[in-house]
Amino acid sequence: MPEEPKIRTIKLGLLGCGVVGGGLVKLIEKHRADFRANGFDLQLTHLAVRDTAKDRGVDLSGVEVTTDPIAVANDPAIDMLVEVMGGNAVAVEAGCAALARGIPLVSANKSALARSMGRYAEAAKQGNTGICFESAAAAHIPIIEVLDRSLACEELTLIKGVINGSTNYILTFMERAGCEYEDALKDAADKGFTEADPSLDVEGIDAAEKLTLLAFKAFGAYVPPSQVHTEGVTQIGQVDIRLALELNHRIKLVAAARRGEDGLTLRVHPALVHRGELLADVDSEFNAIILEGPGFKELTFLGKGAGEFPTASAVLNDIVKMVRQPGTSTLPGFVRAAQDNSLADTSSLKLCYFVRLQIEPENANDVLTALAKLDLQVLSHAQIEYEGRNYLGVITDVLEESRMMAALKDIGNIQGLGQAPKFLRLDKDNYRDIVEREQSTYFGSSLER
Ligand SMILES: NC(=O)c1ccc[n+]([C@@H]2O[C@H](COP(=O)([O-])OP(=O)(O)OC[C@H]3O[C@@H](n4cnc5c(N)ncnc54)[C@H](OP(=O)(O)O)[C@@H]3O)[C@@H](O)[C@H]2O)c1
């Protein structure tokens, strides 16, 4: 009989046993034979939750359960700390306590990591250990690994995506059910697709926190969420969704970090995405991330950005990575040498814009003429009637955001408009090319430049 390989047991301290933590406990049981085949085993020895009496539908026999996360982090028996608890102050204190005494940390807590990255890095340095946080950025899309290792020496100019499943569900629901934002939010909350505090999702905060993590790995620049230009989806109305569709676009909450000539811009806001683009087809709880760089042009990743098993599985893969290769870590991970990481003002962005105007149908041509007089190049326009009112939606050619803002004041003074004009950005600055392609397909002609 061949001798059984010696099994190394790794004792885990777990903070949180909710959606992600519960999924993780189940996955550990499921993969135990795989661990043992590779010479190790994972043993959950300590757990912190708020309510120790709650039935969690998983076997916790032999696990020391407490309500004190700091005590778990400081327990000399654990070999690794796994934080799937959420929140900030306690999570950071527990994570840093473990790191500082040399205990590696796996965390899904994007908020704590994005807001307190410096503290985590300092504690990891003190304890000569590290942190893995794949699940924090886009759950089941292994984008952190790609940025930290596979593309470590790749020049990147853009990382952008649809990275918040709740808002994506809400926008998809509004489009399919033809309802207003409030009804879609209620449906998302009823189905458990929003955080306990939905403002984190709908105000764009969750996406901004994830963008901080992604930009850190893509550009080596730490830009805290407070410095990410952040707008949510609460002001999107059914009329915007319909006008966008009429113009062959869908509205998505897009997060983008770009390194341009003026520096870095990090922004989260609703954007019109042309229906020919992959991002336009990313629905419900799916996430997509697109990378651009001069060497490889474009890379696209699509997968589940939330949920029990997609997230727990990313957490488990991080744990296994750290067990198999002690010293593996995404923080500090591969450190990109200092570049010019100064932040550019969003007003210097050059994009195409969508403007919504409430008009009288017979005034449409006059309004378009007035827009032309303001030097706004309208590349396409559409009209709809919604709830007894008429709306004109226009898409402009590329212009600097500061110019768009200035133009909005003048647009508001155009004769015969109801409601103040409303603007949204397009996802890209190449709408003219798209229109030209469409026109030449249909008419064999091109727009005048
Ligand atoms: N859910 C997802 O799809 C997803 C995706 C990516 C990342 N994440 C991140 O993963 C983390 C966990 O998310 P989740 O959805 O699993 O949350 P959850 O279902 O609300 O679970 C949180 C768990 O942490 C425990 N907990 C919270 N605060 C605590 C405290 N101060 N002391 C002790 N225990 C505490 C709770 O205990 P009780 O059960 O007793 O209340 C619960 O077991 C968050 O940081 C989240 O942002 C989640």
Side-chain angles (χ1 to χ4, degrees), residues 13-27 44 46-58 60 63-75 81-95 97 105-116 120 131-144 161 163-169 188-189 191-201 205-214 225 284-287 289 303-319:
L14 179 64
L15 308 183
C17 194
V19 175
V20 182
L24 178 66
V25 176
K26 290 174 203 158
L27 286 183
L44 177 60
H46 294 71
L47 169 67
V49 286
R50 271 183 301 226
D51 177 0
T52 55
K54 199 192 276 181
D55 176 14
R56 299 176 187 275
V58 288
L60 294 175
V63 180
E64 204 174 306
V65 185
T66 166
T67 56
D68 186 353
I70 312 292
V72 172
N74 281 320
D75 198 296
L81 187 71
V82 182
E83 198 261 287
V84 287
M85 173 174 81
N88 269 273
V90 181
V92 175
E93 201 185 326
L105 171 69
V106 172
S107 172
N109 189 338
K110 65 211 99 169
S111 183
L113 287 162
R115 285 166 198 282
S116 304
Y120 282 106
I131 311 169
C132 282
F133 54 83
E134 187 65 77
S135 56
H140 209 243
I141 301 179
I143 187 69
I144 297 290
I163 53 176
N164 178 270
S166 315
T167 46
N168 208 29
Y169 177 88
K191 294 202 170 98
F193 288 151
T194 53
E195 301 264 351
D197 174 4
S199 66
L200 296 177
D201 291 315
I205 298 163
D206 173 84
E209 290 168 345
K210 291 170 177 170
L211 191 62
T212 289
L213 300 180
L214 292 171
S284 298
E285 79 273 34
F286 276 88
N287 280 192
I289 295 177
K304 288 209 169 178
E308 179 181 10
F309 290 117
T311 314
S313 158
V315 172
L316 181 57
N317 288 327
D318 269 351
I319 297 172

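Counting starts at 1 for both ligands and their atoms, following the listed order.
- Summary of contacts: the protein heavy atom closest to atom 12 (C) of ligand 1 is V84 O, 3.3 Å.
- Nearest to atom 13 (O) of ligand 1 among the protein's heavy atoms is V20 CG2, 3.9 Å.
- At a cut-off of 3.5 Å, with distance as the only test, no side-chain donor of T66 or D68 sits close to an acceptor on the other residue.
- P69 and M85 get closest at one heavy-atom pair: CG-SD, 3.7 Å.
- Summary of contacts: the protein heavy atom closest to atom 5 (C) of ligand 1 is T311 OG1, 3.3 Å.
- Given atom 36 (C) of ligand 1, the protein heavy atom at minimum distance is R50 NH2, 4.0 Å.
- For atom 45 (O) of ligand 1, the protein comes within 4.0 Å by at least one heavy atom.
- A donor-acceptor contact shorter than 3.5 Å is absent between the side chain of E134 and the backbone of A139.
- Taking only non-hydrogen atoms, the option from E308, M85, R56 nearest to atom 27 (C) of ligand 1 is M85.
- Counting only distance, with no hydrogens or angles, the side chain of E83 and the backbone of L15 share no donor-acceptor pair below 3.5 Å.
- Nearest heavy atom pair, residue V72 against residue G13, reads CG1-CA, 3.8 Å.
- With respect to atom 15 (O) of ligand 1, the closest heavy atom belonging to the protein is V19 CB, 3.6 Å.
- If you number the atoms of ligand 1 from 1 as listed, the ones under 4.0 Å from a heavy atom of G16 come out as 23 (C), 24 (O), 25 (C), 43 (O).
- Considering only non-hydrogen protein atoms, atom 9 (C) of ligand 1 sits nearest to A108 O, 3.2 Å.
- The distance from ligand 1 to the heavy atoms of P69 drops below 4.0 Å at these ligand atoms: 32 (N), 33 (C).
- Taking every heavy atom of A306 and a limit of under 4.0 angstrom, the matching atoms of ligand 1 come to 3 (O).
- Side chains of K26 and F309 form a contact here, defined as non-hydrogen atoms less than 4.5 Å apart.
- What you find for A189 and T194 is that their closest heavy atoms are CA-OG1, 3.4 Å.
- Close approach to C17 involves these atoms of ligand 1, each under 4.0 Å from a residue heavy atom: 23 (C), 42 (C), 43 (O).
- At a heavy-atom distance under 4.0 Å, only backbone atoms of S135 (N, CA, C or O) approach ligand 1.
- Remark: ligand 1 atoms within the under-4.0 Å shell around heavy atoms of D51 are 40 (O).
- Close approach of ligand 1 to N109 (heavy-atom distance below 4.0 Å) involves ligand atoms 45 (O).
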query: How far apart are the C-alpha atoms of D197 and S199, what are their side-chain angles, what is the distance that settles it, and do they pass the side chain to side chain donor-acceptor pair (under 3.5 Å) test?
result: CA-CA 6 Å; D197 174 4; S199 66; 2.7 Å; yes
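- C17 pairs with exactly one of L24, L47, V63, L44 by the side chain to side chain contact (heavy atoms under 4.5 Å, CB included) rule, that one being L47.
- Protein heavy atoms are absent from the space less than 4.0 angstrom from atom 20 (O) of ligand 1.
- Side chain of N109 to backbone of N88: no donor-acceptor contact under 3.5 angstrom is found.
- A97 and N74 get closest at one heavy-atom pair: CB-OD1, 3.7 Å.
- Applying the 4.0 Å criterion to heavy atoms of G18 picks out, from ligand 1, the atoms 16 (O), 19 (O), 21 (O), 23 (C), 42 (C), 43 (O).
- From the protein, the heavy atom lying nearest to atom 47 (O) of ligand 1 is K110 CE, 3.1 Å.
- The G307 neighbourhood of ligand 1 comprises atoms 2 (C), 3 (O), with distances under 4.0 Å to a heavy atom of that residue.
- A heavy-atom separation below 4.0 Å is not found between A139 and ligand 1.
- Judged by distance alone, the side chain of N317 and the main-chain N or O of S313 form a donor-acceptor pair under 3.5 Å.
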